[in-house]
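First the structure, in the form of structure tokens, and then the observations on it.
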Amino acid sequence: MQELTHYINGAHVKGTSGRFADVFNPATGEVQAKCPLASVSEMESAVAAAEAAQPAWAAVNPQRRARVMMKFVDLLHRDMDKLAEALSREHGKTLPDAKGDVIRGLEVVEYCIGAPQMLKGDFTDSAGPGIDMYSMRQALGVTAGITPFNFPAMIPMWMFAPAIVCGNAFILKPSERDPSVPLMLAELMEEAGAPKGILQVVNGDKEAVDAILQNEVIQSVGFVGSTPIAAYIYAEGCAQGKRVQCFGGAKNHMIIMPDADMNQAADALVGAGYGAAGERCMAISVAVAVGEGTADRLLEKLVPKVETLKVGPYTSGDDVDYGPVVTEAAKANIERLVQTGIDQGATLAVDGRDFKLQGYEDGFFVGPHLFDNVTPDMDIYKHEIFGPVLSTVRVDNYEDGLKLAMDHEYGNGTAIFTRDGDTARDFANRVNVGMVGVNVPIPVPLAYHTFGGWKKSVFGDLNQHGPDAFKFYTRTKTVTSRWPSGLKEGGEFSIPVME
Ligand code: NAD
């Protein structure tokens, strides 16, 4: 049995707590590795190494720090197949999707190469007689991030690339379900030129997370994961005086107007609803069919596509649409929620309950499910299922569809499919959701825009990546300077104003 490590101060370090989590191969159900769960003292040793390394790193000029990111991009391309394979083996997603996971992280690293421009301060010449004023963005110091299982490459890179290029040290506490890729990324960052201690990986569970929250040296915490943990980390981290941003769960609605192209809408729904087995925070989990007959026309196209989805292990390469879910517990939770849907009166238009894959009977595969006649009081509507289960809700008109998306507690992503520009524009303006697609089902913004939901999908002020990341990982210092030629005799006792 492989025993995974932490990556502390430039070296793989064995866990010393005696506590481990099982890392599964979700396709076979086998435990393939043990992930060490850090104790407080292991976290403290990483923080000490980060604290020692960070000042010298912050003093490296931004262009040189950016060059480390350039090199890192090259190395990610060099090792793409290796990274994708390790990712799929622990997560279960298909190989093309695993490459997408790496590439969407890599794109943020590319954006971070612009750090010299992003970190340029503001300067006012002659703000007063002989007075100049300038603002600079300085690194926070030691920063930390806690990431979910579903994007083990992308989300760590969304955090550590901007943190590190801004001059911080970063401690990553990845998901204990798929920790191998984060460890590989830390090695590659060092190969790219990041000094020891600047990117460290400390594996663990709540104990490691609490050690981050309680540590006075750590200045900021980024979190991505489920909403209850996001709420906890935000409250605790803020109470400890840290800068915190937490991104939580989702229930993303796609509104299908009567004038939409139903072929396009159905194609969008199979990809966005079932891709990565529905284990995406931007997955579409609710299809809202607007107007008389729209649901019937949609389901006529959608049902055959859902019924013929190819479910299988990542080793089948391009030949599968989605793989297993991450754990037996995740599978059981999905099955439990599907049963509540049936019990509470929804119509199971595609029933994936009997799905079996020959040779992979112990894998965590879940067949595709499609519900019709779902109503807002049902558990399958209220809760995030995080599995290959799509719910169809029928509404009479556009206002009712908009209201559904707006009344849901989550507000990560949403989409509208229509040919009518006025309706699309109205929807984009009024909906209280952070990321909106118009005829685009998964509107994940590109690296140079920012990513973030609204309502219970987020806790904090700034989004991930794009310009917000440079704000989150730096603080502003403003200097007012006057040299002797501008000095007047005597003290001034009232606040200076510009008259
Ligand atoms: P999770 O909340 O179970 O775990 C996320 C992280 O928190 C992991 O590193 C885990 O070790 C840690 N953790 C778990 N329990 C903890 C506890 N009691 N105290 C402290 N830390 C704890 O989430 P997950 O299952 O890994 O990921 C799926 C969730 O993440 C879904 O809800 C999904 O919507 C969400 N997600 C959100 C976004 C976004 O940007 N909004 C992106 C990806 C995933």
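All ligand and atom numbering here is 1-based and tracks the order in the structure. This one's a predicted model, so the numbers in the text were calculated from it and none came from an experiment.
Residues Tyr232 and Cys246 form no side-chain contact, since every pair of their non-hydrogen atoms from C-beta on lies 4.5 Å or further apart. Residues Tyr314 and Glu85 meet the side-chain proximity criterion, which asks for heavy atoms closer than 4.5 Å. Two residues are said to be in side-chain contact when any heavy atoms from C-beta on lie closer than 4.5 Å; Met80 and Val102 meet this criterion. In this structure, Glu207 and Ser39 have side chains that are in contact, with non-hydrogen atoms separated by less than 4.5 Å.
Contact analysis puts Ile155 in contact with ligand 1, with a non-hydrogen atom separation below 4.0 angstrom. Distances shorter than 4.0 angstrom do not occur between any heavy atom of Gly453 and any atom of ligand 1.
A distance of 9.5 Å separates OH of Tyr111 from NE2 of His449, quoted to the nearest 0.5 Å. The structure places NE2 of His383 at 9.0 Å from NZ of Lys251, a figure rounded to the nearest 0.5 Å. Taking NZ of Lys206 as the reference point, atom CG of Leu37 lies at 13.5 Å (rounded to 0.5 Å).
Proximity of Glu176 to ligand 1, defined as any heavy-atom pair under 4.0 Å, is confined to the side chain (atoms from C-beta onward). Residue contacts with ligand 1 for Phe151 are absent, since no atom lies close enough (heavy atoms, distance under 4.0 Å). Here Asn412 has side-chain heavy atoms under 4.0 Å from ligand 1, and that is the only part of it that gets that close.
For His91, the ring-ring contact (aromatic ring centres under 6.0 Å, His included) partners at least two apart in sequence or on another chain are Phe149.
Side-chain contact annotation: His253 with Tyr410, donor-acceptor N/O pair under 3.5 Å absent. Side-chain contact of Glu42 with Thr16: a donor-acceptor pair under 3.5 Å is present, judged by distance alone.
For atom 44 (C) of ligand 1, the closest non-hydrogen atom on the protein side is Asn150 OD1, 3.3 Å. Of the protein's non-hydrogen atoms, the one nearest atom 40 (O) of ligand 1 is Phe451 CE2, 3.1 Å. For atom 3 (O) of ligand 1, the closest non-hydrogen atom of the protein is Ser226 OG, 4.0 Å. Considering only non-hydrogen protein atoms, atom 41 (N) of ligand 1 sits nearest to Gly248 O, 2.8 Å. Scanning the protein for heavy atoms near atom 8 (C) of ligand 1, the closest one is Thr147 O, 3.3 Å. Among protein heavy atoms, atom 27 (O) of ligand 1 sits closest to Pro148 CB, 3.3 Å. For atom 19 (N) of ligand 1, the closest non-hydrogen atom on the protein side is Lys206 CG, 3.5 Å. Of all protein heavy atoms, the one lying nearest to atom 36 (N) of ligand 1 is Cys281 CB, 3.6 Å.
When Ser175, Pro228, Gly225, Ala283 are ranked by how near their heavy atoms come to atom 30 (O) of ligand 1, first place goes to Gly225. Ranked by closest heavy atom to atom 32 (O) of ligand 1, the top entry among Gln464, Lys251, Glu384 is Glu384. Between Ile212, Ile233, Ile229, it is Ile229 that holds the heavy atom closest to atom 14 (C) of ligand 1.
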Ring pair (Phe, Tyr, Trp, His ring centres under 6.0 Å) assessment of Phe364 paired with Phe24: CA-CA 10 Å; Phe364 312 138; Phe24 292 92; 5.6 Å; yes
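More than 12 heavy-atom neighbours from other residues, nucleotides or ligands sit within 6.0 angstrom of CD on Glu361.
For ligand 1, the atoms closer than 4.0 angstrom to any heavy atom of Phe247 are 39 (C), 40 (O), 41 (N).
When distances from atom 24 (P) of ligand 1 to the protein are checked, a heavy atom turns up under 4.0 Å.
Considering both main-chain and side-chain atoms, Thr227 never comes within under 3.5 Å of ligand 1 through any nitrogen or oxygen pair.
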